Each structure stands twice: as structure tokens, then as C-alpha cells.
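In each ligand, atom 1 is the first atom listed, and ligand 1 is the first ligand listed. The model shown is predicted, which means the values in this text are computed figures rather than measured ones.
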Amino acid sequence: MPQFQISEIISLRTLFVADVPSLFSLVDNNRCLLREWLPWVDNNTRVEDSVKFIESTLDQLANEMGFQCGIIYNGTLVGMCGYHPINRSNNSVTVGYWIANNMSGRGIVTSCTKFLVDYAFDKLDLNKVCIPAAENNLKSRAVSERLGLINEGIEREAEYLYGKYVNHVRYSILRSEWIAS
Ligand SMILES: CC(C)(COP(=O)(O)OP(=O)(O)OC[C@H]1O[C@@H](n2cnc3c(N)ncnc32)[C@H](O)[C@@H]1OP(=O)(O)O)[C@@H](O)C(=O)NCCC(=O)NCCS
């Protein structure tokens with residue numbers, strides 16, 4: 001099962017059903033922040049919704065479609081990051097992430113995302129990593145920009161977020177570019 005040490009105090013690991021209480025409280029305590037940019041938040045209102053989510057990540061892993069991990073800081077679950085199901089036809093993958101409000105601003109997500117990009121090229125043998133972000137989601141865009149991903153342009157009205165469509169900025173990096181950098 002995926003488990004990675006990112007730094008002395010940050011690690012990533014697969015979540016199991018035993019993690020449901022911590023995951024659900026984290027979502028519940030950060031609902032306002034998360035719902036601004038993540039479409040699934042209003043559909044995650046009961047503990048059973050976190051059970052379903054964790055089961056879906058275990059299925060994804062079992063089907064070799066990539067993985068999602070909890071972000072563990074000093075032993076505590078503080079967020080999630082990982083891959084959307086790998087596109088095997090095109091050898092590409094999309095990375096997603098979120099972190100608790102009180103753990104933001106410390107570079108945790110940037111270092112975890114850097115790890116996921118490295119891993120996608122080194123271990124999963126993929127050719128392209130994409131990180132789309134809503135045009136006004138400046139904190140998410142900053143993660144991609146900090147890591148040197150390329151802004152491919154705008155995908156218009158790419159996502160329906162609670163009653164409105166938002167444009168995405170498509171950030172991506174190719175294996176050749178990542179190795180060169
Ligand atoms: C998007 C999101 C994950 C970004 O989180 P974040 O805390 O800004 O990202 P990081 O953990 O990488 O921290 C970066 C910040 O730490 C600072 N920092 C401190 N030490 C750092 C280090 N060693 N390396 C990088 N940045 C560091 C950076 O300067 C930056 O601060 P700033 O925002 O004041 O410029 C977070 O805002 C979030 O969860 N949003 C809601 C969900 C969401 O939008 N998900 C993405 C959907 S596309």
C-alpha cells in the first residue's frame with residue numbers, strides 16, 4: 001500500500017476505513033473553505049459518504065489506476081492529494097489536492113505535489129501530468145506555478161460549481177520538460 005515519507009514531518013499514505021472518522025471531521029471542519037472550489041463537498045455530509053470515498057480510492061488502487069493518499073503532518077491527517085484515474089491510452093494523469101485551512105501556507109501541498117509529479121514519471125512511467133485549477137483559485141494555481149508547470153490556456157466553463165460554471169486554467173508538465181528542469 002502506498003506510503004511515502006515526503007519530509008521529516010510530512011508523509012503520504014493510503015487511507016482505510018479506520019480513517020473515516022478523521023477524514024469526515026476534517027472535511028466537516030473545513031466545509032466552507034473546500035466548497036469554494038471542490039464540487040463534491042455538498043455531497044459529503046454523512047460519515048457514510050467518507051466510507052464510500054475511501055472505498056472508491058481502494059478500488060482505484062486495486063485496479064492500478066493510480067492512488068490517492070492522506071497527507072499526514074506530524075502524525076495527523078491534514079488533507080488529501082493524489083491521482084485521478086490514470087489515462088492509460090495517453091499515458092497521462094491529473095493530480096488533485098486539498099488541505100485543512102489551518103495547515104495552509106506552509107508549502108505542504110507543494111512538496112506533496114512535487115512528489116506526485118516525480119512519481120508519475122519515475123514509477124508510473126507516464127508522459128504528462130495535468131493540474132487544472134479554477135481560474136480564480138489563485139492558491140491552487142500558485143502550486144503549479146511554483147513547480148514550473150506550463151499554463152496551456154483556459155478551458156472555458158470546465159466545471160459546474162454550485163450553480164455556476166467556472167473556467168479552468170490547464171497546467172501541465174511533460175516528462176521531457178520535468179527531467180530537463
Ligand atoms: C489549493 C490549496 C491546496 C493550496 O494550499 P497552500 O497551503 O496554499 O499550498 P502549500 O501547502 O503548497 O503552501 C504554499 C504557501 O506556503 C508558503 N511556503 C512556506 N514554505 C514553503 C515551502 N517550503 N515551499 C513552498 N511554499 C512554501 C508559500 O509561500 C505559500 O504561501 P502564500 O500562499 O502566502 O504565498 C488550498 O488552498 C486548498 O486546499 N484549497 C481548497 C481546495 C482546492 O482548491 N483544491 C484544489 C482544487 S484545483
- line: Looking only at protein heavy atoms, what sits closest to atom 41 (C) of ligand 1 is Leu34 CD2, 4.1 Å
query: Which of the atoms of ligand 1 are close to Ser104, meaning less than 4.0 Å from one of its heavy atoms?
result: 5 (O), 6 (P), 7 (O), 8 (O)
- prompt: What atoms of ligand 1 come within less than 4.0 Å of a heavy atom belonging to Trp37?
  reply: 44 (O)
field: Nearest-neighbour protein heavy atom for atom 20 (N) of ligand 1, which is reported as residue plus atom name and distance
entry: Arg106 O, 3.5 Å
- prompt: Are the charged groups of Arg175 and Asp122 less than 4.0 angstrom apart, N to O?
  reply: no
field: Side-chain touch Trp98/Ser140, heavy atoms, less than 4.5 angstrom
entry: no
- prompt: Going by distance only, is there an N or O of Ala134 that falls short of 3.5 Å from an N or O of ligand 1?
  reply: no
- prompt: Does the protein put any heavy atom within less than 4.0 Å of atom 45 (N) of ligand 1?
  reply: yes
- request: Kindly assign one of parallel, tilted or perpendicular to the pair Tyr83 and Phe67, based on the angle between their ring planes and the thresholds 30° and 60°.
  value: perpendicular
message: Out of all atoms in ligand 1, which are within 4.0 Å of some heavy atom of Thr110? Include the element for each.
response: 10 (P), 12 (O)
message: Yes or no, since that's all I need: does a protein heavy atom fall within a distance strictly under 4.0 Å of atom 18 (N) of ligand 1?
response: yes
query: If we ignore angles and hydrogens, is there a donor and acceptor under 3.5 Å between the side chains of Gln5 and Ser11?
result: no
message: Counting non-hydrogen protein atoms only, what is the nearest one to atom 27 (C) of ligand 1? Give residue, atom name and distance.
response: Gly107 CA, 3.4 Å
Under-4.0 Å heavy-atom contact with ligand 1, by part of Met103 that carries it: neither
- line: For Pro132, the ligand 1 atoms with a heavy-atom partner under 4.0 Å come out as 48 (S)
Pairs under 3.5 angstrom only: tabulate donor-acceptor contacts from the side chains of residues 24-37 to other protein residues two or more places apart or in another chain.
| from | atom 1 | to | atom 2 | distance (Å) |
| --- | --- | --- | --- | --- |
| Ser25 | OG | Pro21 | O | 2.7 |
| Asp28 | OD1 | Arg31 | NE | 2.9 |
| Asp28 | OD1 | Arg31 | NH2 | 2.9 |
| Asn29 | ND2 | Ser25 | O | 3.1 |
| Asn30 | OD1 | Asn101 | N | 2.9 |
| Asn30 | ND2 | Leu26 | O | 2.8 |
| Arg31 | NH1 | Val41 | O | 3.0 |
| Arg31 | NH1 | Asn44 | O | 3.0 |
| Arg31 | NH2 | Asn44 | O | 2.7 |
| Arg35 | NE | Asp42 | OD1 | 3.0 |
| Arg35 | NE | Asp42 | OD2 | 3.4 |
| Arg35 | NH2 | Asp42 | OD2 | 2.8 |

- request: For atom 31 (O) of ligand 1, grab the closest protein heavy atom and report residue, atom and distance to one decimal in Å.
  value: Gly105 CA, 4.2 Å
message: Using a 3.5 Å distance criterion without hydrogens, assess whether the side chain of Asn90 forms a donor-acceptor pair with backbone atoms of Ser92.
response: no
- prompt: Within 45 degrees of the axis of the six-membered ring of Tyr73 and under 6.0 Å from its centre: does Arg106 put its NZ or CZ there?
  reply: yes
task: Using distance alone, determine whether Ser140 and ligand 1 share an N or O pair under 3.5 Å.
output: no
message: Which residue and atom name correspond to the protein heavy atom nearest atom 39 (O) of ligand 1, and how close is it?
response: Ile99 N, 2.9 Å
message: For atom 33 (O) of ligand 1, what's the nearest protein heavy-atom neighbour? Residue, atom name and distance, please.
response: Arg146 NH2, 4.4 Å
- line: Of Glu159, Glu36, Met80, Lys139, the one whose closest heavy atom lies nearest atom 4 (C) of ligand 1 is Lys139
task: For Glu64 and Ile86, work out which heavy atoms get closest and say how close.
output: O-CD1, 4.5 Å
query: Are more than 12 heavy atoms from other residues, nucleotides or ligands located less than 6.0 Å from atom CZ of Arg156?
result: no
Check: Val109 N/O within less than 3.5 Å of ligand 1 N/O: yes
query: Heavy atom under 4.0 Å from ligand 1: found in Leu38's side chain, backbone, both, or neither?
result: side chain
query: Can you tell which part of Thr113 has a heavy atom less than 4.0 Å from ligand 1: side chain, backbone, both or neither?
result: neither
- request: Step by step, work out the side chain to side chain donor-acceptor pair (under 3.5 Å) result for Asp49 and Trp40.
  value: CA-CA 10 Å; Asp49 298 321; Trp40 49 262; over 6 Å; no
message: Under a 3.5 Å threshold, yes or no: a donor from one side chain and an acceptor from the other, between Glu135 and His168?
response: no
message: Residue-level breakdown please: for Trp98 versus ligand 1, do any non-hydrogen atoms fall below 4.0 Å on the side chain, on the backbone, on both, or on neither?
response: both
- prompt: If you take all heavy atoms of Leu38 and Leu161, which pair is closest and at what distance?
  reply: C-CD2, 3.9 Å
